Amino acid sequence: MPGCFKKTLFALASLISFVSFILIVVAMGTPKWMTGKILCKTGADLVNATDPELVKFIGEIYYGLFQGGKIRQCGLGGRHSKFTIFPHMVKKLNTGLHVMIIMFLCVAIFFSLVSFGFCILNAIKVPYRAINGPAGACLWNFLAGGFVVLAVTSFMAAVKLHHLTERIANFRENVFRFVILEERFEDCFWICVASATAHALNLLLIAISGIHFPKIKTKTEEVNVTAEDIMY
């Protein structure tokens, strides 16, 4: 049986793995990974809008991995619309990269659950096989965190290098053209970053669990028996 200190650390690591699993699932299902402000360039150019008038042509956009929405402002008031990435819009995006982001997160979900199971196992007993012990728990946490990092990095590449926001904003816009004024990574993106950080914390906890702390020994007082004590 593992010691009390080791049990506590692995119980905490299992809780963190499960929380990471929940975070990834929530992030994938929420449509706010990115928000931004979009300018209706065509409308602004038609009326030669100056700075005070540009407010009438600035709308908003938000999106996640599967859906999103935008407010078009082309001088005649805001028009709200919602959209889904699959199956139509994905053709306008970098399909391979977008699918890879989703696959990375799905694999991270799987490894988070495996990590949760291995941490529970190590909290209950000392496995006979090394791969089932702390080494295995480290491996699954490293893989889970690594795939989350890959997903986050790929999403940043899609936004910054492949102009994801601009492509989504101009989807099925035959008359007006929109340009991006501002982009912000939202809570769901940072939730994934927190998930990767959680697995890094797990690696630290597992490393600490392998440290053998010296046991404190108390000195026992020697009993001196004298001849007088024997007489009594």
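On a predicted model such as this, the values are computed, not experimentally measured, just so you know.
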**Item:** Distance-only polar pair, side chains of Ser112 and His199, donor-acceptor under 3.5 Å
**Value:** yes

**Asked** So does Lys160 pair up with Glu183, basic N to acidic O under 4.0 Å?
**Response** yes

**Request:** Indicate the atoms forming the closest heavy-atom contact of Cys138 with Ile206, along with that distance.
**Result:** SG-CG2, 3.3 Å

**Item:** Common cluster, Phe66/Val25, ILVMFWY with side-chain heavy-atom separation under 4.5 Å
**Value:** yes

**Request:** Measure the OG-CG distance between Ser17 and Leu12 for me, rounded to the nearest 0.5 Å.
**Result:** 9.5 Å

**Item:** Side-chain touch Trp33/Glu186, heavy atoms, less than 4.5 angstrom
**Value:** no

**Request:** May I ask whether Phe171 and Met34 are part of the same hydrophobic cluster, defined by side-chain heavy atoms of I, L, V, M, F, W, Y residues being less than 4.5 angstrom apart, directly or through others?
**Result:** yes

**Prompt:** Counting heavy atoms not belonging to Phe142, are there more than 12 under 6.0 Å from its CZ?
**Reply:** no

**Request:** Using a 4.5 Å cut-off on heavy atoms from C-beta on, say whether the side chain of Leu65 contacts that of Leu105.
**Result:** yes

**Prompt:** How long is the gap from SG on Cys40 to CG on Asp45, to the nearest 0.5 Å?
**Reply:** 9.0 Å

**Request:** Over 60° means perpendicular and under 30° means parallel, so classify the ring planes of Phe147 and Phe111, tilted if in between.
**Result:** parallel

**Test log, rule side chain to side chain contact (heavy atoms under 4.5 Å, CB included), inputs Asn122 and Leu9** = CA-CA 10 Å; Asn122 282 269; Leu9 287 179; over 6 Å; no

**Prompt:** Does a salt bridge link Glu60 with Arg72, judged by any charged N lying under 4.0 Å from a carboxylate O?
**Reply:** no

**Asked** Can you find a heavy atom in the side chain of Phe10 that is under 4.5 Å from one in the side chain of Ile124?
**Response** no

**Asked** For the atom pair SG (Cys74) and CZ (Phe57), what is the distance rounded to the nearest 0.5 Å?
**Response** 7.5 Å

**Prompt:** Ignoring hydrogens and geometry, is there a side-chain-to-backbone donor-acceptor pair from Trp140 to Gly117 under 3.5 Å?
**Reply:** no

**Interatomic distance, Phe118 atom CZ to Asn202 atom CG [nearest 0.5 angstrom]** = 14.0 Å

**Asked** Do Cys119 and Asn141 have side chains that get closer than 4.5 Å, going by heavy atoms?
**Response** yes

**Message:** Hydrophobic clustering (ILVMFWY, side-chain heavy atoms < 4.5 Å, transitive) - are Tyr63 and Ile180 grouped together?
**Reply:** yes

**Request:** Group every Ile, Leu, Val, Met, Phe, Trp and Tyr by side-chain heavy-atom contacts under 4.5 Å, then state whether Val47 and Phe178 land in the same group.
**Result:** no

**Item:** Note, Phe176 side chain near Asn170 side chain (heavy atom, < 4.5 Å)
**Value:** no

Atom pairs and distances, donor-acceptor, side-chain atoms in residues 187-198, under 3.5 Å, two or more places apart:
residue, atom, partner, partner atom, Å
Trp190, NE1, Phe185, O, 3.1
Ser195, OG, Ser20, OG, 2.6
Thr197, OG1, Val193, O, 2.9

**Side-chain touch Ile38/Ile58, heavy atoms, less than 4.5 angstrom** = no

**Message:** With rounding to the nearest 0.5 angstrom, report the CZ to CG distance, Arg167 to Asn94.
**Reply:** 6.5 Å

**Message:** Side chains of Arg184 and Thr35 only: does a donor on one sit below 3.5 Å from an acceptor on the other?
**Reply:** yes

**Prompt:** If Ile, Leu, Val, Met, Phe, Trp and Tyr residues are connected whenever their side-chain heavy atoms lie under 4.5 Å apart, and connections chain through other members, are Phe104 and Phe110 in the same group?
**Reply:** yes

**Request:** Report the distance from atom CZ of Arg172 to atom OG of Ser81, rounding to the nearest 0.5 Å.
**Result:** 11.0 Å

**Any side-chain heavy-atom pair of Met89 and Ile168 under 4.5 Å** = yes

**Check: Lys7 and Lys125 side chains under 4.5 Å, non-hydrogen atoms** = no

